[in-house]
Amino acid sequence: GQQLNQSPQSMFIQEGEDVSMNCTSSSIFNTWLWYKQDPGEGPVLLIALYKAGELTSNGRLTAQFGITRKDSFLNISASIPSDVGIYFCAGQLGGGSNYKLTFGKGTLLTVNP
Amino acid sequence: EAGVAQSPRYKIIEKRQSVAFWCNPISGHATLYWYQQILGQGPKLLIQFQNNGVVDDSQLPKDRFSAERLKGVDSTLKIQPAKLEDSAVYLCASSLGAHLGETQYFGPGTRLLVL
């Protein structure tokens, strides 16, 4: 089955620093998504990417859909303490009525005030 | 707008016991998903419903797991009998439909510990 390799596994940064994390796949996806999960909660969608090469921003977050459709990255600029959490990439292939998400293992982000 | 509701939030059982989880999706959402999230992993899809029909249950361990969405609204996921490796967070998600890029909204999850 499809597998996503997400890196780094964890990051410990100072408030104000920029952060970059990425995701690679052994096979292509038609949609890439980035989610954030806070402790005790379900994942919340941050950014969705629908076309190869697409670069999308949402406030301090920027994400790109790789040209090969096998990778994506997420950047967070000027980090703040509330950015703490686990960030997941997810790929969606589609086809028929099956639009399941395949998730990476997550990047745990800690921001030191 | 109310989000996806799940209950219970926490459950502790002994192995070989049975357990059931309940999910109420966002009103009007036709598609409902159950995911299993083991500690340190991303969520893994167990089953997807479109209204009251099953679209994908290829990763559901059918010898012990079952799920239903009889009236096409809320859903229950059951484990019988539970094993130690079933300890995980069970997440329910819903979306308006089943289209590429359709946003899936997740509930807070049910945390299951099997002793």
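So that the names make sense, note that chain A is the first sequence line, chain B the second, and so on, each numbered from 1.
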Find out whether A:Leu101 and B:Tyr33 are in side-chain contact, i.e. whether some heavy atom of one side chain is under 4.5 Å from a heavy atom of the other.
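Contact flag for A:Leu101/B:Tyr33 side chains = no.
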
With clusters defined by side-chain heavy atoms of hydrophobic residues (ILVMFWY) lying less than 4.5 Å apart, directly or transitively, does [Y] cluster with [X]?
X       : Y        : value
A:Leu93 : B:Leu46  : no
B:Phe21 : B:Val73  : no
B:Ile47 : B:Leu45  : no
A:Ile76 : A:Val111 : yes
B:Leu84 : B:Tyr90  : yes

Under 4.5 Å from any heavy atom of chain B - which part of A:Gln6:
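Nothing of A:Gln6, per the 4.5 Å heavy-atom cut-off to chain B.
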
Output the option from B:Gln41, B:Arg9, B:Lys44 having the highest count of non-hydrogen pairs under 4.5 Å with chain A.
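That would be B:Gln41.
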
Tell me every residue that passes salt bridge (Lys or Arg N to Asp or Glu O under 4.0 Å) with B:Lys71, counting only those two or more places apart in sequence or in another chain.
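In terms of salt bridge (Lys or Arg N to Asp or Glu O under 4.0 Å), with neighbours along the sequence ignored, B:Lys71 is linked to no residue.
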
Counting only non-hydrogen atoms closer than 4.5 Å, can you tell me which residues of residues 38-48 of chain A sit against chain B?
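Within residues 38-48 of chain A, the residues that come under 4.5 Å of chain B (heavy atoms only) are A:Gly40, A:Glu41, A:Gly42, A:Pro43, A:Leu45.
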
Heavy-atom cut-off 4.5 Å, strictly under: side chain, backbone, both or neither for B:Gln6 against chain A?
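No part of it gets close to chain A.
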
Using a 6.0 Å cut-off, check whether atom CD of A:Glu17 has over 12 heavy atoms from anything other than its own residue.
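Correct, the count exceeds 12.
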
Over 12 foreign heavy atoms within 6.0 Å of CD, B:Gln80
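Atom CD in B:Gln80 is not packed in, count stays at 12 or less.
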
Shortest non-hydrogen contact between B:Gln37 and A:Phe88, atoms and distance
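Closest heavy-atom pair between B:Gln37 and A:Phe88: NE2-CZ, 3.3 Å.
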
Do any of residues 106-115 of chain B come closer than 4.5 Å to chain A, heavy atom to heavy atom, and if so which ones, in number order?
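B:Phe106, B:Gly107, B:Pro108, B:Arg111, listed by number.
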
Inter- and intrachain pairs under disulfide bond (SG atoms under 2.5 Å apart), touching residues 22-94 of chain A, at least two apart:
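Sorted result for residues 22-94 of chain A: A:Cys23-A:Cys89.
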
